[in-house]
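Just so you know, these numbers use all the heavy atoms, side chains as well, and skip hydrogens, waters and symmetry mates. Letters A, B, ... are given to chains in the order of the sequence lines, protein chains preceding strands, and every chain is numbered from 1.
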Amino acid sequence: MTPSFLAGLNEQQLEAVTLPQQSALILAGAGSGKTRVLTTRIAWLIQTGQVSPHGLLAVTFTNKAAKEMLTRIAAMLPINTRGMWVGTFHGLCNRLLRLHHREANLPQLFQILDTQDQLALIKRLMKSMNLDEERYPPRQAQWFIAQQKEEGRRASKVEPYDDFSERMVEFYAAYDAQCQREGVVDFAELLLRSYELLIRNDPLREHYRARFHHILVDEFQDTNRLQYRWLQALSAPGTSLFAVGDDDQSIYAFRGASSANMHDLQRDFHIEKVIKLEQNYRSHGHILDAANALIEHNRKRLGKNLWTSEGKGEQLRVYEAATDIEEAGFIVDEVKSLRAEGVALSDVAVLYRSNAQSRVLEHALFTAGLPYRVYGGLRFFERQEVKHALAYLRLTASEEDDGAFLRVVNFPTRGIGARSLEQVQEAARSRGISLWAAACANTLSGKAGSSIATFVRLIEAMREATRGLPLPEVIEHVIESSGLQQHYRNEKEGADRLENLGELVNAAAAFVAERDMQLPVEGQPADEPDELIAFLAHAALEAGEHQAQAGAEALQLMTVHAAKGLEFHSVFISGLEEGLFPHENSMTEADGMEEERRLMYVALTRARRRLYLTFAQSRMLHGQTRFNIGSRFFQEIPENLMRRMNRLRPARTTSYAGYAAFAPHTAAAPAAPAFAMASSSPWRIGQSVTHPKFGAGVIVGAEGRGAEARVQVNFRGAGAKWLMLEYANLAPA
DNA sequence: TACCTCCACGTTTTT
DNA sequence: CGTGGAGGTA
């Protein structure tokens, strides 16, 4: 009997889902039903008795994807999905390390550092080692360490090649030692530590190899070298590794994602056949044709062409704006008419290459009264007040955690100055103990009345009072007794923060409820030793939504990176200018341009029905007006797929070999006047003028006619400005 | 301790 | 242009 969930799959999807026990690479194009294939295969494997829910492992990159997968499996099969090894790389590694903390040489209650915590630890350590932060920027050290770990190298295995890298390697070693002392683990360490655990512990490795007959990987093109080796370590010769990915959507190479993994996989796992999912269920034909044509310009590809059985649909709409402000104005107008046509605002996205571009857009949207939502920025568990509350919790759970100690020892302020803190730090350093232990010793040695002693008693009282309480109540108590609540109540701008603290209690309640709902049936080992520790790990591994008011009916603003995996009725790709998109920095990087093109490919394939490509001839960037020419991507999309909504004179300046144009005053002024200016106009491009306020300058651009006529003048002192001719009071120089 | 001013910086960032 | 960090001052 054919399970009902196989109905409706196309030929390639069905082939992938029902592949016999063997390793496979599924090249799944954008919108080709990748997640459906992955989850249906899991359901099929279980339903046909080829594997038990216990015997497979499925791994994703984001919590969202993992959750989605579990939800879909649960919808297809009447099984309890808890206990199944479905999660992110980091989440699964966390699970592995909690289960085998002793073998991994970690305390049972080890804490997970997020990027913020890690940077704080690095700065702290640099100070204590008297490393000059000028010469050794903490961010660079952080990057170095993550980089090494993601290549699987411990400090002892890194070959320094100059003085600088030698110090970096020394620091790396000191950093790892400090983490070990504090019982904390950074993101990359989760991976590396569990990889080493599997490699070094033969019985353990064999145990898991025997258990997981099927390993399924989502977004395989985003795996880094360490993740690849981790997968290898878990795979026995007979293991089926089912990898789904799209090399054309690999946009995280800059973070260590290795496209070589796609090639190596075929060799190492003896993959005979690559299945391609090329039928797209998302977009109309013209959009796909454009995406296919664009990505053809990349040389390093496995090769794939999207097609749809639906119609060609609209052409891509191209708009050239004179300025970034005008570009934003155009987008506002179009969004309004889309809304009038009945398209939901939340089904429309404005995409950009870099976050800084959102400001002009936001300004225009705000002025027009259009509701919008910007993705990116601080997430819930990264907020200051939330981190503070979590640090109190961490300290009650784990005394070794110096980072947590330092974060809250004097917050809210309780009169612990730099002097007394230095004493504690010095004592801790000289005796090789934690700050907490040093503070306790300090308290015992006759300074019981000191402010440090008060703090120690506060934490101890907290621990005592919350023992045995349900998690939400623990957090409530901590927020109150720590003084955080009082502190934010007194603060002028504290209302939002108080609200977030309340939200933290809710988050804990939701977390507990979700766990209880899928309580292990019987005899299953409790994965996490402690609810609080599990919640803290959850907070570190899943930083939460980027913005609170989700689901509101609002226009969606985000970077192209953030848009990966999403789809919208209509999409604007803005700022399509040489230097911006493709970004100028990518031009000097190896394979940088190909990654930019993949990024553009991702952007194009987000749209279901309508796609706008916009660019601005001039744009304010870093406080300076820059003149740009249109992105090369315009030339890589066949002209007949695009509809130019307007046609501006070519930009008034030229660019060199793809670089964004240079300072305006060096620009060669075109000989002819701008087309928009009446031939009777006394003003010409290139003419020298003076302005009562800005002084001397040269006209470099013009547009509009009559009362609308504006000229762009590049002033010697004040830089480039657009001026309405009617009011500007310009005089010929 | 809190605020202010000055300076450097300015792609993308699932965990 | 706008921000975030550092360092100085009330």
Side-chain angles (χ1 to χ4, degrees), chain A residues 59-68 87-94 112-119 123 133-134 137-139 142-143 146 149-150 185-192 218-219 221-224 226-227 249-257 324-325 351-360 362-363 375-377 379 381-382 410-418 491-492 537-544 546 558-566 575 579-589 592 595-596 598-600 602-603 619-626 719:
Chain A
V59 58
T60 65
F61 279 85
T62 66
N63 293 294
K64 200 173 150 199
K67 225 173 266 169
E68 164 92 3
T88 63
F89 277 102
H90 294 84
L92 295 175
C93 287
N94 177 48
I112 300 167
L113 298 183
D114 66 16
T115 353
Q116 273 181 46
D117 301 332
Q118 185 188 26
L119 190 64
K123 286 183 177 170
E133 289 192 14
E134 297 274 283
R139 287 194 174 278
Q142 185 175 32
W143 181 85
K149 287 189 180 182
E150 280 168 9
V185 164
D186 64 47
F187 285 143
E189 183 72 21
L190 282 171
L191 257 305
L192 182 53
D218 190 18
E219 304 275 18
Q221 77 281 355
D222 289 338
T223 50
N224 62 35
L226 180 57
Q227 286 159 339
Q249 291 189 71
S250 162
I251 55 174
Y252 286 105
F254 75 95
R255 272 185 73 205
D324 50 351
I325 295 171
L351 308 183
Y352 35 80
R353 176 66 179 81
S354 59
N355 284 306
Q357 287 166 250
S358 75
R359 201 182 307 124
V360 177
E362 286 189 69
H363 181 79
Y375 287 76
R379 300 159 69 171
F381 286 109
E382 293 167 354
N410 198 33
F411 192 96
T413 49
R414 43 178 74 89
I416 298 176
E491 205 179 68
K492 287 193 297 286
H538 166 81
L541 292 177
E542 188 169 352
H546 266 304
M558 64 190 86
T559 63
V560 181
H561 282 91
K564 192 176 144 200
L566 305 178
L580 243 194
F581 195 4
H583 197 275
E584 55 197 336
N585 292 3
S586 70
M587 298 180 194
T588 51
E589 289 163 14
E595 178 137 322
E596 293 293 303
R598 291 193 293 269
L599 200 49
M600 181 64 182
V602 168
R619 176 179 302 276
M620 188 67 119
L621 204 66
H622 307 332
Q624 271 199 327
T625 304
R626 292 194 1 168

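- In this structure, the aromatic ring of A:H583 is positioned over the six-membered ring of the base of B:dT11, centres within 5.5 Å and planes within 30°.
- A:L621 has its CG atom 13 Å from the P atom of C:dC1, to the nearest Å.
- Using a 4.0 Å heavy-atom distance criterion, A:F89 is classed as making no nucleic acid contact.
- Contact annotation for A:E150: no contact, since no heavy-atom pair falls under 4.0 Å across all strands.
- Between the CG atom of A:L580 and the P atom of B:dG10 there is a distance of 15 Å, given to the nearest Å.
- Each of A:D114, A:L119, A:T115 was checked for a side-chain contact (heavy atoms from CB on, under 4.5 Å) with A:D117, and the lone residue meeting it is A:D114.
- Phosphate contact (OP1/OP2 of B:dT1, side-chain N/O of A:R414, threshold under 4.0 Å): absent.
- An OP1 or OP2 oxygen of B:dT1 is reached within less than 4.0 angstrom by a side-chain nitrogen or oxygen of A:N410.
- With B:dA2, B:dT11, B:dT13 as the choices, the nucleotide that has an atom nearest any side-chain atom of A:R255 turns out to be B:dT13.
- With its glycosidic angle within 90° of 0, B:dT11 is assigned syn.
- To the nearest angstrom, P of C:dG4 lies 15 Å from CG of A:L119.
- Atom P of nucleotide B:dT12 and atom CG of A:D222 are separated by 17 Å, given to the nearest angstrom.
- Annotation: B:dT12 and C:dG5 have their C1' atoms spaced 23 Å apart (nearest Å).
- Using a 4.5 Å heavy-atom threshold, the side chains of A:E595 and A:E589 count as separate.
- Note: A:H90 and A:F187 have perpendicular aromatic rings, judged against thresholds of 30 and 60 degrees for the angle between ring planes.
- Between A:K564 and A:R359, it is A:R359 whose nearest contact on DNA chain B lies nearer the 5' terminus.
- Taking atom C1' on both nucleotides, C:dA6 is separated from B:dT11 by 25 Å, rounded to a whole Å.
- Nucleotide B:dG10 holds its P atom 9 Å from the CG atom of A:N585, rounded to whole Å.
- Counting any heavy atom pair closer than 4.0 Å across all strands shown, A:E589 reaches a base atom.
- Enclosure of atom CD1 in A:I325 is not indicated, since only 12 or fewer non-hydrogen atoms of other residues, nucleotides or ligands lie within 6.0 angstrom.
- In this structure, A:S586 does not reach the B:dT12 phosphate: none of its side-chain N or O atoms is under 4.0 Å from OP1 or OP2.
- When rounded to the nearest whole Å, the span between CD of A:Q227 and C1' of B:dT15 equals 9 Å.
- Annotation: side chain of A:I251 is not in contact with side chain of A:V560 (no heavy-atom distance under 4.5 Å).
- A:I416 comes within 4.0 angstrom of the backbone, heavy atoms only, and of no base.
- In this structure the side chain of A:Q357 never reaches within 4.5 angstrom of the side chain of A:F581, judged on heavy atoms.
- In this structure, CD of A:Q249 is placed 16 Å from C1' of B:dT12, rounded to the nearest angstrom.
- Contact annotation for A:S354: backbone-only contact, meaning every heavy-atom pair under 4.0 Å involves sugar-phosphate atoms and none involves a base.
- Two residues are said to be in side-chain contact when any heavy atoms from C-beta on lie closer than 4.5 Å; A:E219 and A:T62 fail this criterion.
- Between A:F61 and A:A418, the residue anchored closer to the 5' end of DNA chain B is A:A418, taking for each the nucleotide with the nearest heavy atom.
- Between A:N355 and B:dT13 there is a side-chain polar atom (N or O) within less than 4.0 angstrom of OP1 or OP2.
- A:N63 comes within contact range of the sugar-phosphate backbone alone, with a heavy-atom separation under 4.0 Å but no base atom that close.
- B:dT11 has no base stacking with the ring of A:F254 when judged by centroids under 5.5 angstrom apart and an interplanar angle below 30°.
- In this structure, the nucleotide among B:dT14, B:dT13, C:dC1 sitting nearest to the side chain of A:M620 is C:dC1.
- With rounding to whole Å, A:E491 atom CD is found 15 Å from B:dT1 atom P.
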